**Student:** 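Please see the structure below; I have some questions.
Just so you know, ligand 1 is whichever comes first in the structure, and atom 1 is the first atom listed for that ligand. Just so it is clear, the values below take in all heavy atoms, side chains as well, and ignore hydrogens, waters and symmetry mates. Fair warning: this is a prediction, and the values are worked out from it, not measured in the lab.
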Amino acid sequence: MTGRTTPIAVLISGRGSNFEALYRATREGRLPGRIVLVLSNVATAAGIEHARSLGLHTAVVPSRGAGSRAAHEARVREEIERAGAQWICLAGYMRLLSAEFVAAFPNRILNIHPSLLPSFPGLDVQQAALDHGVRVSGCTVHLVDAGLDSGPIVGQRAVDVRSGDDAQSLARRILRQEHELYPDALRRLLTEEWRIEGRRVLFGPASEVRAAD
Ligand code: GAR
């Protein structure tokens, strides 16, 4: 992709397949961004090893033994600011961010979550969806606020639940949708006009707004 690209930090805690999907989209010209930092709060995260092997700038800021949450977040912020990132993508980052941290990057932090929010926020959500008996689940990309998986929704993809599903098979099919949804949602935010009205992310010029679709 030619022209200016937006510097992006990706925060992970584990496997990092959503980081890889974002990275691939930047390389293939589907996302006008460049990943300037991959940061993990877990030293052994597989995704950080992969990011290193791709020659990306990485940082490990262990949350375990960091002292307070404020101290950990201060170190994370330092890395993000030093890397010059303008957007932050949480990609399997299993930490809740404080209101102070979120306020430092207003409407510039995105998260991907493996359910159709506001159903099933939090952890182990595929099992929770199966236990509840939903017929459709999916994934959500949303702007991050200080709550748990509660910020304004940018995009969603639905996935049918099958009779034979267990949490693993459902998670696999949702993950495939995540890998398409995340780069696509971020691309829209970077390339289209948008604003937030109430809880709604509205795309398009203010004169002819339409809901995110
Ligand atoms: C993804 O399914 C992501 O949606 C989920 O963790 C997985 C990370 O996979 N995130 C959350 O549950 C956040 N609440 P990945 O490391 O392969 O991208």
**Student:** Tell me the nearest of R95, M94, Q177, E178 to atom 11 (C) of ligand 1, using heavy-atom distances.
**Tutor:**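 Nearest option to atom 11 (C) of ligand 1, by heavy atoms: M94.
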**Student:** Looking only at protein heavy atoms, identify the closest one to atom 12 (O) of ligand 1 and say how far it is in Å.
**Tutor:** P114 CD, 3.4 Å
**Student:** Does the pair D165/R173 count as a salt bridge with the N-to-O cut at 4.0 Å?
**Tutor:**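 Between R173 and D165 there is a salt bridge, with a charged N closer than 4.0 Å to a carboxylate O.
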**Student:** Do E73 and S98 get their side chains close enough for a donor-acceptor pair, meaning under 3.5 Å?
**Tutor:**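 Looking only at side-chain atoms, S98 and E73 do form a donor-acceptor pair, the distance falling under 3.5 Å.
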**Student:** Quick one: nearest non-hydrogen protein atom to atom 16 (O) of ligand 1, plus distance?
**Tutor:**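 Closest protein heavy atom to atom 16 (O) of ligand 1: G16 N, 2.7 Å.
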**Student:** Can you tell me the protein heavy atom closest to atom 8 (C) of ligand 1 and the distance?
**Tutor:** G92 CA, 3.7 Å
**Student:** Going by distance alone, is a donor N or O of one side chain under 3.5 Å from an acceptor N or O of the other, for R34 and T26?
**Tutor:** no
**Student:** So, taking the atom named CD1 in I48 and the one named OG in S13, what distance separates them when rounded to the nearest 0.5 Å?
**Tutor:**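 Rounded to the nearest 0.5 Å, the CD1-OG separation comes to 10.0 Å.
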**Student:** Please determine, by modelled atom types, if T140 and H142 share a side-chain donor-acceptor pair under 3.5 angstrom.
**Tutor:**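 No pair is found: no donor N or O on one side chain lies under 3.5 Å from an acceptor on the other.
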**Student:** Of the protein's non-hydrogen atoms, which lies at the shortest distance from atom 14 (N) of ligand 1, and what is that distance?
**Tutor:**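 Protein heavy atom with the smallest distance to atom 14 (N) of ligand 1: H113 ND1, 3.4 Å.
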**Student:** For atom 15 (P) of ligand 1, which of C139, S17, G47 has the closest heavy atom?
**Tutor:** S17
**Student:** Is I112 near ligand 1, meaning one of its heavy atoms is under 4.0 Å from it?
**Tutor:** yes
**Student:** Below the 3.5 angstrom mark, is there an N/O of N18, backbone or side chain, next to an N/O of ligand 1?
**Tutor:** yes
**Student:** Report the nearest protein non-hydrogen atom to atom 9 (O) of ligand 1: residue, atom name, distance rounded to 0.1 Å.
**Tutor:** R15 NH2, 3.0 Å
**Student:** Which part of L175 is near ligand 1, with near meaning a heavy atom under 4.0 Å away: side chain, backbone, both or neither?
**Tutor:**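 Contact part for L175 vs ligand 1: side chain (C-beta onward).
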**Student:** Between E197 and R200, is the closest basic N to carboxylate O distance under 4.0 Å?
**Tutor:** no
**Student:** Closer than 4.0 angstrom, basic N to acidic O: yes or no for D184 and R187?
**Tutor:**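 The answer is yes: the pair qualifies as a salt bridge.
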